[in-house]
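A short worksheet on the structure shown next.
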Amino acid sequence: MRCIFCKNDSTDSVSVEHVIPESLGNTKVVLPKGAVCDSCNNYFASKVEKFVLESDEFRHLRSNQIIKNKKGKVQEIKLLIDGEAIRARRTGLLEFQIHPEDFESFKRTSSKEERQVMIPIGGEPPSAHHMGRFLAKMGLELLAIYWSGCEGWNNYIVEHEGLDAVRKFARSPSKGEVWEFTKRRIYDEDSSHVSSEGQKGQVLYECDILTIQYSEACELFFIIAIFGMEYAINLGGNGMDGYKKWLEDNDYISPLSRKPFIT
């Protein structure tokens, strides 16, 4: 086995790579040990995913949706109570556990007859550099899952020169390098959906690979929706013209209306 990012031997690697981070609720979409080596796994966690998941946008999303991380904890945020920042973790729709070190401040504000409590619902998104790399990393990994059922898939994806640009951007980009990606809301964050089995529930994420076929070539796009916010990136190079044209030709319907990985 060789790592699909650094191409080094990964036979002895023990990490199981989650295509979508566990901190976004993923427990199902995973690659086998060695598909991503331990070194690359640790690198992505600290140098890419951290900057996305710790951005204000994703911190508040994870808190508001009560998504537990791998340690079983909900993201801590700062409530504004009469203008004073109080650290807390959400335990219910309007229920919070106050940080022990901020409890005295909370008691002081809660003693007032009237008070204003503000719960953050959004915030500054991650940088385009980190978000693009985050998408590139997940896209190549989902492609590996799709191809993993074929004999010789590991060598094929490792040696595929057409994927060298996206693997380099994800793992070892130039300083400040940015790849174009698209972002749009395709349904409300709290929307309820009905599955093909007739079950009703909320969609945490859904993702797929869109193949756009031309006469002599094709383009591969990774598409993911996280609580209804759709992102797309080109796995073949830095440019989204092909996807934008596909959307125009298909009345701007999301490719995820097909049969994506969904949870």
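We number each residue from 1, following the sequence as shown.
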Legend entry - Side-chain donor or acceptor of S10 paired with backbone N/O of C37 under 3.5 Å: no
Legend entry - Minimal non-hydrogen separation, G123 against E57, with atom names: O-CB, 3.7 Å
Legend entry - Whether S63 side chain and H60 backbone form a donor-acceptor pair below 3.5 Å: no
Inset, instruction - Can you measure from CG (N64) to CG (D190) and round to the nearest 0.5 angstrom? - result: 8.5 Å
Inset, instruction - Evaluate the salt bridge (Lys or Arg N to Asp or Glu O under 4.0 Å) criterion for residues D241 and K245: first the C-alpha distance (whole Å), next the side-chain angles of each, then the deciding distance (0.1 Å), finally the verdict. - result: CA-CA 6 Å; D241 288 347; K245 180 64 167 58; over 6 Å; no
Inset, instruction - List the steps and the verdict of side-chain contact (heavy atoms from CB on, under 4.5 Å) for S13 and K33. - result: CA-CA 6 Å; S13 292; K33 294 178 182 179; 5.8 Å; no
Inset, instruction - Taking all non-hydrogen atoms of both residues into account, name the closest pair between G139 and I209 and its distance. - result: O-CD1, 4.0 Å
Legend entry - K7 atom NZ, neighbour heavy-atom count above 12 within 6.0 Å: yes
Legend entry - Donor-acceptor contact below 3.5 Å, side chain D38 vs main chain S15: yes
Legend entry - NZ on K73 to CZ on R89, rounded to 0.5 Å: 5.5 Å
Inset, instruction - Heavy atoms only: give me the nearest V158-C3 pair and the separation to one decimal. - result: CG2-O, 3.7 Å
Inset, instruction - Could you tell me whether the side chain of P126 reaches within less than 4.5 Å of the side chain of F51, counting heavy atoms only? - result: no
Inset, instruction - Tell me whether Y156 is reachable from L235 by hopping between hydrophobic residues (I, L, V, M, F, W, Y) whose side-chain heavy atoms are closer than 4.5 Å. - result: yes
Legend entry - Linked, directly or transitively: Y214 and L247 (ILVMFWY side chains, under 4.5 Å): yes
Legend entry - Polar side-chain atom of N234 near backbone of G236 as donor-acceptor pair, under 3.5 Å: yes
Inset, instruction - For the pair N26 (side chain) and I20 (backbone), establish whether a donor and an acceptor sit closer than 3.5 Å, ignoring hydrogens and angles. - result: yes
Inset, instruction - Run the numbers on F96 and V74 for side-chain contact (heavy atoms from CB on, under 4.5 Å), then give the verdict. - result: CA-CA 10 Å; F96 292 86; V74 176; over 6 Å; no
Inset, instruction - Report, as yes or no, whether the 6.0 Å neighbourhood of atom CD1 on I66 holds more than 12 heavy atoms from other residues, nucleotides or ligands. - result: yes
Inset, instruction - Indicate yes or no: at least one non-hydrogen side-chain atom of F103 is less than 4.5 angstrom from one of H99. - result: no
Inset, instruction - To the nearest 0.5 Å, tell me how far M138 CE sits from E17 CD. - result: 11.0 Å
Inset, instruction - Would you name the heavy atoms of Y205 and L24 that are closest together and state the gap between them? - result: CD2-O, 3.9 Å
Inset, instruction - For atom NZ of K68, decide whether the heavy atoms of other residues, nucleotides or ligands shown that lie under 6.0 angstrom number more than 12. - result: no
Inset, instruction - Say whether, by atom type as modelled, one donor and one acceptor occur between the side chain of R59 and the main chain of Q75 under 3.5 angstrom. - result: no
Legend entry - Whether R167 side chain and C6 backbone form a donor-acceptor pair below 3.5 Å: no
Legend entry - Distance, nearest 0.5 Å, that separates CG of L53 from NE2 of H130: 12.0 Å
Legend entry - Check: K137 and V52 side chains under 4.5 Å, non-hydrogen atoms: no
Inset, instruction - Would you please test V166 and F222 for side-chain contact (heavy atoms from CB on, under 4.5 Å) and show each step? - result: CA-CA 11 Å; V166 73; F222 170 64; over 6 Å; no
Legend entry - Between CD on residue Q65 and CG on residue L204, distance to nearest 0.5 Å: 7.5 Å
Legend entry - ILVMFWY cluster, W153 and V29 together (side-chain gap under 4.5 Å): yes
Legend entry - Min side-chain heavy-atom separation I212-F221 under 4.5 Å: yes
Legend entry - Side chain to side chain, F227 and I67, heavy atoms closer than 4.5 Å: yes
Legend entry - Min side-chain heavy-atom separation P255-I223 under 4.5 Å: yes
Inset, instruction - Would you kindly confirm whether V117 and I98 end up in one hydrophobic cluster when ILVMFWY residues are joined by side chain heavy atoms under 4.5 Å apart? - result: yes
Legend entry - Student check: side-chain heavy atoms of M131 and F58 closer than 4.5 Å: yes
Legend entry - Modelled atom types, side-chain donor and acceptor of N154 and R2, under 3.5 Å: no
Inset, instruction - Identify the two heavy atoms, one from I4 and one from I157, that lie closest to each other, and give their separation to 0.1 Å. - result: CG2-CG2, 3.5 Å
Legend entry - Donor-acceptor pair, side chain of Y231 and main chain of F181, under 3.5 angstrom: no
Inset, instruction - Locate the shortest heavy-atom distance separating G176 from H129; write the atom from each residue and the value. - result: C-ND1, 3.7 Å
Inset, instruction - Output the distance between atom OH (Y146) and atom CG (L220), rounded to the nearest 0.5 Å. - result: 11.0 Å
Legend entry - Side-chain donor or acceptor of N238 paired with backbone N/O of V178 under 3.5 Å: yes
Inset, instruction - Establish whether Y43 and V30 are linked, either directly or via other cluster members, by ILVMFWY side-chain heavy-atom contacts under 4.5 Å. - result: no
Inset, instruction - Assign the ring pair Y243 / W246 to parallel, tilted or perpendicular, where the plane angle (0 to 90°) is split at 30° and 60°. - result: parallel
Inset, instruction - Report yes if the side chains of T27 and H18 come closer than 4.5 Å at any heavy-atom pair, otherwise no. - result: no
Legend entry - E54 backbone acceptor or donor facing R62 side chain under 3.5 Å: no
Inset, instruction - Quick one: list whatever passes salt bridge (Lys or Arg N to Asp or Glu O under 4.0 Å) with K168, sequence neighbours left out. - result: none
Inset, instruction - Evaluate the side-chain contact (heavy atoms from CB on, under 4.5 Å) criterion for residues I226 and L61: first the C-alpha distance (whole Å), next the side-chain angles of each, then the deciding distance (0.1 Å), finally the verdict. - result: CA-CA 10 Å; I226 302 171; L61 171 67; 4.0 Å; yes
Inset, instruction - Assess whether atom CD of Q97 is packed by more than 12 heavy atoms of other residues, nucleotides or ligands within 6.0 Å. - result: no
Inset, instruction - If the plane angle is over 60° it's perpendicular, under 30° parallel, otherwise tilted; pick one for H160 and W147. - result: parallel
Inset, instruction - Begin from the C-alpha positions of F44 and F5 and carry the test ring pair (Phe, Tyr, Trp, His ring centres under 6.0 Å) through to its verdict. - result: CA-CA 11 Å; F44 285 126; F5 289 101; 4.7 Å; yes
